[in-house]
Amino acid sequence: MLDIQLIRSHPDRVRGAIAAKKAKADVDAVLAADEKWRHATTEAQKLQAESNAANRDMGRLMKENRAEGEKLKVRLKELSDRRKALEDEAKALEGERDRLVLDLPNIPQDDVPVGPEETHNRVVKEGGAKPAFGFKPQAHWDLGPKLGVVDFDRAAKISGSGFVLFTGLGARLQRALVAWFIDVHTREHGYTEVYPPVLVLRDTMVGTGQLPKFEEEMYKLKDDPLYLIPTAEVPVTNIYRDEILPAEKLPLLHCAFSLCFRREAGAAGKDTRGMIRVHQFDKVEMVKWTRPEESEAEHEKLTANAEVLLNRLGLPWRRVLIATAGMGFSNQKQYDLEVHAAGVDRWIEVSSCSNFGEFQARRAGIRFRDTDGKLRYVHTLNGSGLALPRIVVGILENFQQADGSVVIPEVLRPYMGVDRLTAV
RNA sequence: GGAGAGGUACCGAAGUGGCCAUAACGGGCUCGAUUCGAAAUCGAGUAGAGGAUGAUGAGUCCUCACGUGGGUUCGAAUCCCACCCUCUCCGCCA
């Protein structure tokens, strides 16, 4: 959520952000609603002050001069009715303004390229090397079933399209990746592990910016006011909702494994084959709370924390600085990490590392007390480290051999107990 | 799910219709005094959110804030209703 003070004083910056992000939102409607709200509020407060002053004498008056008291009471009743009417009006106007403000996207940082996604995204870093094959590499949807590690047909039988059933060593590979990711983040990168609920209240979704904008993307329960999370970012960032964090604890770092659920309503028909786009997947997420002046540096570190994993797995990857139009609603800067998958011969997104500035903290009410004694909003950041099953796609497709087997990356072997997946 | 108790500041806690909310009282924390230093003691500080005015500064004024949301009343922490959370007991359950 943007600061209403900022919207009032720099509406052009907000207009610029809306245009750059190709968002649908109306600054002028916000300003108009705000103006009306302030007027009504001021009037209501004047009446309240008048009424408070009069009521202070009322008790005494009722004892000393009952008749005078009754007369005043009649007058105050009328005052009170007027005040209540004005308060109701102010409240309605405030609600309207806040609804409109919630639809305003975050303002991109100055170093973010402006423009539509395809042409203006910038590859800023690359790592690993694409493997050389003496044969035509297979796509994971052919390779996986042959190796007995995934079963797409039975997954569809159980849950419909867009789900994966991992079997045997495939299931173990998922578990191995999650365990290894978390071990690296907790042992080497300073993150404290948490394991959050995957069903959350509406307020929690609003806190991180998934709602009210993206209702269509979320799974919602029918009989309870709960949503299935699209990412651990949602419950984890909200751990400290409406709290004041001790300044000396910043930056605060958590990582979490969770299931993620996405309806993919806007992407129907896209990536229908295989397990690149599925309704339920596993992900390890890194989340940070920082002082405002530290968030840019922490964003770089967080992104590097994810890249370490890709390097050690030996996958070919690149870091993409996402241009304004491709950015998330709540982001002020976003890097995506992509892995090249040899079988399908394309770059697939396996991580998105974002700096939200104070946008989420303001919505969620997460603050800290600065050295001058003032309360300030923290900056929040998060990034996948990393997302499954796309990493499994990368492993299967890039490490496949001429005989149809797949070599397990060195770092995962202690978790897997085998060094190779072979056809069944 | 049923019965009961409770939710006031960093913590404990008083207040049961107006003189009680920058919130009694006790504790914690910060700073200062005292001390060679510390303990003890003494003193000061320890709440936010919003509006008006000012320059988005300082200052001043006002409003809101007693779990949340409504209601009654001239006036609500206090009375009424609904909901949320915590604790105890019972039931159920992995």
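A note on names: the letters A, B, ... follow the listed sequences, proteins ahead of strands, and every chain is numbered from 1.
On the C1' atoms, B:G48 is 14 Å away from B:C10, given to the nearest whole Å. Nucleotides B:A13 and B:G7 place their C1' atoms 13 Å apart, quoted to the nearest Å. As rounded to the nearest Å, B:C80 and B:G2 have C1' atoms that lie 24 Å from one another. Using P as the reference atom, B:G4 and B:C93 are 24 Å apart when rounded to the nearest Å. With C1' as the reference atom, B:G57 and B:U72 are 46 Å apart, rounded to whole Å. Nucleotides B:A39 and B:U30 place their P atoms 11 Å apart, quoted to the nearest Å. Of the P atoms belonging to B:U53 and B:A65, the separation is 23 Å, rounded to the nearest Å. Taking the P atoms as reference points, B:G27 lies 9 Å from B:C42, given to the whole Å.
The pair A:D103-A:R99 fails the salt-bridge criterion, with no side-chain N (NZ, NE, NH1 or NH2) lying under 4.0 Å from an Asp/Glu carboxylate O. Salt bridge annotation for A:R15-A:D28: present, with a cationic side-chain nitrogen under 4.0 angstrom from a carboxylate oxygen. Contact check on A:E96 versus A:K36 returns no salt bridge, with no Lys/Arg side-chain nitrogen under 4.0 Å from an Asp/Glu carboxylate oxygen. At a threshold of 4.0 Å, the pair A:E188-A:R312 counts as salt-bridged, since one of the basic side-chain nitrogens sits closer than that to a carboxylate oxygen.
Nucleotide B:G54 is shown with a syn base, its glycosidic torsion being within 90° of 0.
As rounded to whole Å, 15 Å separates atom P of B:G51 from atom NE2 of A:H39. Atom pair A:K36:NZ and B:G51:C1' shows a separation of 18 Å (rounding to whole Å applied). Between A:I7 atom CD1 and B:G50 atom P there is a gap of 13 Å when expressed in whole angstrom units. Rounded to an integer number of Å, the gap from CG of A:D242 to C1' of B:C84 is 14 Å. Rounded to a whole Å, the CD atom of A:E87 is 14 Å from the C1' atom of B:G50. Separating the CG atom of A:D3 from the C1' atom of B:A49 is a distance of 13 Å, rounded to the nearest angstrom. Between the P atom of B:C85 and the CG atom of A:D203 lies a distance of 13 Å, rounded to the nearest Å. Note: CG (A:L375) to P (B:A9) measures 16 Å, nearest angstrom.
Donor-acceptor pairing under 3.5 Å is recorded for the side chains of A:S352 and A:D336.
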Got a list of protein N/O to nucleotides 59-63 of chain B N/O distances below 3.5 Å?
from, atom 1, to, atom 2, distance (Å)
B:U63, OP1, A:N52, ND2, 3.2

Do any N or O atoms of the protein come closer than 3.5 Å to N or O atoms of nucleotides 65-73 of chain B, and which pairs are they?
from, atom 1, to, atom 2, distance (Å)
B:G70, OP1, A:K91, NZ, 2.2

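At the heavy-atom level, A:L79 lies nowhere under 4.0 Å from the strands shown. As judged by a 4.0 angstrom heavy-atom cut-off over every strand, A:R75 is placed among residues making no nucleic acid contact. Residue contacts for A:H10: at a heavy-atom cut-off of 4.0 Å it reaches a base atom on one of the strands shown.
Between A:F257 and A:Y195, the angle of the ring planes stays under 30°, which puts this pair in the parallel group of the 30/60° scheme. Ring planes of A:F261 and A:Y219: perpendicular class, angle over 60° (limits at 30 and 60°). Under the 30°/60° scheme for interplanar angles, the aromatic rings of A:H189 and A:H185 are found to be tilted.
Scanning RNA chain B for stems, defined as runs of 3 or more consecutive Watson-Crick or G-U wobble pairs whose donor-acceptor distances all fall under 3.5 Å, gives the following ranges: B:1-7 with B:84-90, B:10-12 with B:25-27, B:28-33 with B:41-46, B:48-53 with B:59-64, B:67-71 with B:79-83.
Atom CZ of A:F356 is separated from atom OG of A:S330 by 6.0 Å, given to the nearest 0.5 angstrom.
An OP1 or OP2 oxygen of B:A52 is reached within less than 4.0 angstrom by a side-chain nitrogen or oxygen of A:R38.
Among residues two or more places apart in sequence or in another chain, the ring-ring contact (aromatic ring centres under 6.0 Å, His included) test is passed with A:F181 by none. For A:F368, there are no ring-ring contact (aromatic ring centres under 6.0 Å, His included) partners two or more places apart in sequence or in a different chain. A:K283 is linked by a side-chain hydrogen bond (donor to acceptor under 3.5 Å, both in side chains) to A:T231, A:E285, counting only residues two or more places apart in sequence or in another chain.
Note: A:W289 and A:Y240 meet the aromatic proximity criterion, with ring centroids under 6.0 Å apart.
Sequence order on RNA chain B of the closest nucleotides to A:Q5 and A:L72 puts A:Q5 first from the 5' end. Nearest-nucleotide positions on RNA chain B place A:W37 closer to the 5' end than the other of A:W37 and A:S80.
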